[in-house]
Amino acid sequence: MADVDVLDLTVLDRWLRLFAASVAEQKDTLTALDAAIGDADHGANMHRGMTAVVEALDATPPADPAALFKQTGMVLVRSVGGASGPLYGTFFLRMAPATGGAGALEPETFAKALRAGVEGVVARGKAEPGDKTMLDALAPALDALDAALAAGESLAAALRQASTAADEGRDATTPLVARKGRASYLGERSADHQDPGATSAALLVGAAAAAVAGP
Amino acid sequence: MADVDVLDLTVLDRWLRLFAASVAEQKDTLTALDAAIGDADHGANMHRGMTAVVEALDATPPADPAALFKQTGMVLVRSVGGASGPLYGTFFLRMAPATGGAGALEPETFAKALRAGVEGVVARGKAEPGDKTMLDALAPALDALDAALAAGESLAAALRQASTAADEGRDATTPLVARKGRASYLGERSADHQDPGATSAALLVGAAAAAVAGP
Amino acid sequence: MKKLLNDPADLVAESLRGVERAHPELRVDHEQRILYRADAPVRGKVGLLSGGGSGHEPAHAGFIGPGMLDAVCAGEVFTSPVPDQMAEATKQIDGGAGVLHLVWNYTGDVMNFDMAAELAAAETDTTVEAVVMNDDVAVEDSLFTAGRRGTGAAIAVEKIVGAAAEQGRGLSELADLARRVNDASRSMGMALTSCTVPAKGSPTFDLPDDEIEIGIGIHGEPGRRRVPLASAHDIAGMLVDPILADRDFTGGEGVLVFVNGMGATPALELYLMYNEVAALLDKAGVVPVRTLVGPYVTSLDMAGCSVSITRLDDELLRLWDAPVATSALRWGM
Amino acid sequence: MKKLLNDPADLVAESLRGVERAHPELRVDHEQRILYRADAPVRGKVGLLSGGGSGHEPAHAGFIGPGMLDAVCAGEVFTSPVPDQMAEATKQIDGGAGVLHLVWNYTGDVMNFDMAAELAAAETDTTVEAVVMNDDVAVEDSLFTAGRRGTGAAIAVEKIVGAAAEQGRGLSELADLARRVNDASRSMGMALTSCTVPAKGSPTFDLPDDEIEIGIGIHGEPGRRRVPLASAHDIAGMLVDPILADRDFTGGEGVLVFVNGMGATPALELYLMYNEVAALLDKAGVVPVRTLVGPYVTSLDMAGCSVSITRLDDELLRLWDAPVATSALRWGM
Ligand SMILES: Nc1ncnc2c1ncn2[C@@H]1O[C@H](COP(=O)(O)OP(=O)(O)O)[C@@H](O)[C@H]1O
Ligand SMILES: Nc1ncnc2c1ncn2[C@@H]1O[C@H](COP(=O)(O)OP(=O)(O)O)[C@@H](O)[C@H]1O
Ligand SMILES: [Mg+2]
Ligand SMILES: [Mg+2]
Ligand SMILES: [Mg+2]
Ligand SMILES: [Mg+2]
């Protein structure tokens, strides 16, 4: 199987399943990170949510990408709770209209939808980059994706670069003092810990790269 | 100083102070024994009581042995609580009338008073020898004391033998299954533990032996 | 030992100061360590006195007030109070109709209350009756031992007799009622962890992370047996089965079920436990009509729970439902 | 991990079954995890809705009943409930006078309640107002952060607004009142031990035997700083001083003082702590006129406490004293 260059339902479905799988695998790590500067539930939250997302994909396979994003967003909002539920939920809910109803997404459309999703996260959570949140992985990933696509790179290469940027953004949260979310309650003590939400967000971007990559 | 052969106020006062001192020294041991088969307070209880007894001896030196026993019994009843308070309290309260108002006690009178005290413990607590209580140290001590005195031994020698009998009685509580007091709640599990009350009772008899012994 | 504490020697005294400050509806004699209903003695009403060692809070002071106790005596941690306290309290709460001593069955408590009754009889003309409460089925009921411990059922006895006392019933009738409620009650407890007596500073017993104690009392004493850590479902069986084996709880108006927290077990777990207990009772045809879930008779910072069941007839149910205004139990006023 | 538990995944569901069995005065929607006053909606009364993650029992279900909340939504342990729950509850408790959301200030709770209000607005014509409660002085109050946590003061807000709602006051008046009580309240907490989230199975943080956490919240998160284990007297200072530094509590009718247990700290210690707190308030000229001591807003099995102070004026005092009948707070009925 070669790299794919449009994101049809099969690829998007694969994206979500891969994300669910890496969340399942990293569940304890996510919770351990959240224990250090939060309330020790991020792994359980994301796992509960992504399990429900995969169940929904199995039960009611969506008709188009917009439906897939909407269904995923609704399921996350309904099943996760906490901070990550509304944020990841809003992310996917906002992606839906940005697809313009297409049956398969061109790389640029996908990038636009992702940006709409991230803008939704900002609107919902009022965080800025540097606040030590999932945004610190998502925002640089989007910038890298846009830049790579503008430079004419393939979808697979562009998402690989986005994933690298997300990982770097996640790592860069470590020294930060949190200003949003539960970690902000710790003040200076939140420094020297990697943000759990940025960690799961990097898994999300990594799953996208994996979903389009050839075997 | 040679062995004494009557128990006047000085000797009796010394007895109580020596008992208080060994309770203070063995406080943690008594509590540890009580932790194993009771509620971990026998050391604190006896220490609180004997501290108060010594304070009372200092504050209002009694006029005769009966007053000394009565005061000691009252102080114990008032300050200890739990099982050991009424029992040790009754022990001393019952000794008082058995002195017949003497200013100094002949060995036989002392032995009679001790027996009255132990009968008080039985009346109050309804225990029998073998129930794994303080009686298991007190009863054999009395028997040994009576036997030694009847055999014409000196007070010091007789109390030494009583003390040995008390120690043996205390040790013999170890295999017993408790039938009275808090340890009885453990049923079979109370076996293989030395009874805390028998342990403090052996200290009491030992203190009497020490109080009459020469230096 | 990690506790909210100053000098362990001052624990009881300081905690009583806090109780006094928090509860203006109580009067506290700090010298004697007696807590009273502020309006005691209540003229014409039988005075109800209980008490015991400290470390069981809210027992016993949490049960003072209209519809329940008139006074309690507080001992040192896990140590029965002394006769002087009980005699003084008896004198103070006698409203002319006598005083009932509600005694939790422990050797120390029984002997100290006995001596207090002797003292009161010698010093005043107050009529005193005493009822000993002994509901714990973990311990064999025998004439040749200290008998069964008094545990959770005391709450039912004190509440029900308290309501009857407010109605103006006489001393011996109340004593009979107390015995009736006690006879209608059984309890069984378990510990996930030991407690730590502050004066000792370390746990009373060592319990590995994968074992629990079944058949404990409320003084940090080990239980009847040690078993592997089990599910709440299985633990419920270990508590409910011996209770039901000991007494028939079917019939009547149903039962009062009391799931008691030992001090360090939070309500989330106690309600889960109650769910298991209620399911077992359902299966046995025993019908809970009243429920109490919470830390009412604690053992310092022990984690664990106990289950108490009291069979209710129509009269007991009405008395349980009657108004009560204490800091730990309150309804109808 | 030693808890009264079956499968940790079923903890919340099973505990809610226990709550339902124990409290016939509540109605429980297990599917949606919503608990209601059995008689909700109360015609003509503003409906009061709160809720949050589980693990804080008796918060929140312990505060449902006449004179307090109409419903609460229960989330997973330490995880805010979801908008569907809140929207459904909002619909169910609207007695025609609108619904007030009393939201504990946590990012997740605020966002989920926001989305619920959007949903409710889209689906029904229920008027919804929301008030966010944020009383925890451990956290700096800043526009650029998630702000202060909502902790103990919520009890005062929910009780006082609950009483005013029973009087038939209107939605915006109640929202103003809620903000007023919240503004008049400050809290600060500390932990002797971490809690253990059942799904994780081990303590959230490691705390050596000789250290404590100061400035914790109610989700097992570490505090603002770690200090050596201190006496109750010194700990009281570490809690009360920052509260008094943040707001003037002199004047008015006095204050409500709430010493809250974190779950594993027994009443004996909480009352000792209250004694220290009250002494510090005395010294500062702050007058406690009402007191609440007990485990009302817990953090699973954490040992520790928090102190909340609410300044009362004549109206707030009357509303605090008004009758309330919930499982955790009850008087006057
Ligand atoms: N305001 C916010 N904006 C963006 N992301 C946030 C915000 N608040 C929290 N987060 C993210 O959510 C993560 C925590 O999620 P989770 O643990 O599931 O929820 P909770 O904090 O409610 O327990 C944080 O690590 C952070 O990345
Ligand atoms: N009925 C009894 N008769 C005689 N001695 C008893 C009786 N019950 C208990 N004891 C003694 O009391 C001791 C315990 O005393 P203590 O720990 O001070 O009181 P408590 O059991 O009330 O905590 C036991 O070890 C036992 O020797
Ligand atoms: Mg979290
Ligand atoms: Mg003892
Ligand atoms: Mg004791
Ligand atoms: Mg959470």
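Convention: sequence-line order gives letters A, B, ...; per-chain numbering from 1. Every heavy atom of this structure was used, including side-chain atoms; hydrogens, water molecules and symmetry mates were not.
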Side chain, backbone, both or neither: which part of [X] has a heavy atom under 4.5 Å from chain D?
X        : result
C:Ala278 : both
C:Pro208 : backbone
C:Leu207 : both
C:Val19  : both
C:Leu292 : neither

Given heavy-atom pairs under 4.5 angstrom as the criterion, report whether the side chain, backbone, both or neither of [X] touches chain C.
X        : result
D:Met190 : side chain
D:Met333 : backbone
D:Ile235 : side chain
D:Ala279 : both
D:Leu229 : side chain

Self-check item: All side-chain contact (heavy atoms from CB on, under 4.5 Å) counterparts of C:Leu280, not counting sequence neighbours
Solution: C:Ala236, C:Val240

Quiz item: Which residues pass the side-chain contact (heavy atoms from CB on, under 4.5 Å) test with C:Val227, sequence neighbours left out?
Solution: C:Ile212, C:Ile214, C:Arg225, C:Met238

Using only distance, no hydrogens or angles, which N or O donor-acceptor pairs sit under 3.5 Å between chain D and chain C?
| from | atom 1 | to | atom 2 | distance (Å) |
| --- | --- | --- | --- | --- |
| D:Lys2 | NZ | C:Leu192 | O | 2.7 |
| D:Lys2 | NZ | C:Pro208 | O | 2.8 |
| D:Lys2 | NZ | C:Glu211 | O | 2.5 |
| D:Leu4 | N | C:Glu269 | OE1 | 2.8 |
| D:Leu5 | O | C:Ala232 | N | 2.8 |
| D:Asn6 | OD1 | C:Ala232 | N | 3.1 |
| D:Asn6 | OD1 | C:His233 | N | 2.9 |
| D:Asn6 | ND2 | C:Glu276 | OE2 | 2.7 |
| D:Ser15 | OG | C:Leu268 | O | 2.8 |
| D:Arg21 | NE | C:Asn275 | OD1 | 2.9 |
| D:Arg21 | NH1 | C:Asp282 | OD2 | 3.2 |
| D:His23 | NE2 | C:Tyr271 | OH | 2.6 |
| D:Leu192 | O | C:Lys2 | NZ | 2.6 |
| D:Pro208 | O | C:Lys2 | NZ | 2.9 |
| D:Glu211 | O | C:Lys2 | NZ | 2.6 |
| D:Ala232 | N | C:Leu5 | O | 2.8 |
| D:Ala232 | N | C:Asn6 | OD1 | 3.2 |
| D:His233 | N | C:Asn6 | OD1 | 2.9 |
| D:Leu268 | O | C:Ser15 | OG | 2.8 |
| D:Glu269 | OE1 | C:Leu4 | N | 2.8 |
| D:Tyr271 | OH | C:His23 | NE2 | 2.6 |
| D:Asn275 | OD1 | C:Arg21 | NE | 2.9 |
| D:Glu276 | OE2 | C:Asn6 | ND2 | 2.7 |
| D:Asp282 | OD2 | C:Arg21 | NH1 | 3.3 |
| D:Gly332 | N | C:Met333 | O | 3.0 |
| D:Met333 | O | C:Gly332 | N | 3.0 |

Quiz item: In terms of heavy-atom pairs under 4.5 Å, which option from C:Gly55, C:Pro24, C:Gly62, C:Ala232 contacts chain D the most?
Solution: C:Ala232

Quiz item: Considering all heavy atoms of both residues, which atom of C:Leu4 and which atom of D:Leu272 are nearest to each other, and what is their separation?
Solution: O-CD2, 3.7 Å

Practice problem: Look at D:Ala267, D:Pro198, D:Cys305, D:Gly263 and state which one has the largest set of heavy-atom pairs under 4.5 Å with chain C. | Solution: D:Gly263

Quiz item: Of the listed residues (D:Pro288, D:Pro266, D:Gly304), which shares the most heavy-atom pairs with chain C below a 4.5 Å separation?
Solution: D:Pro266

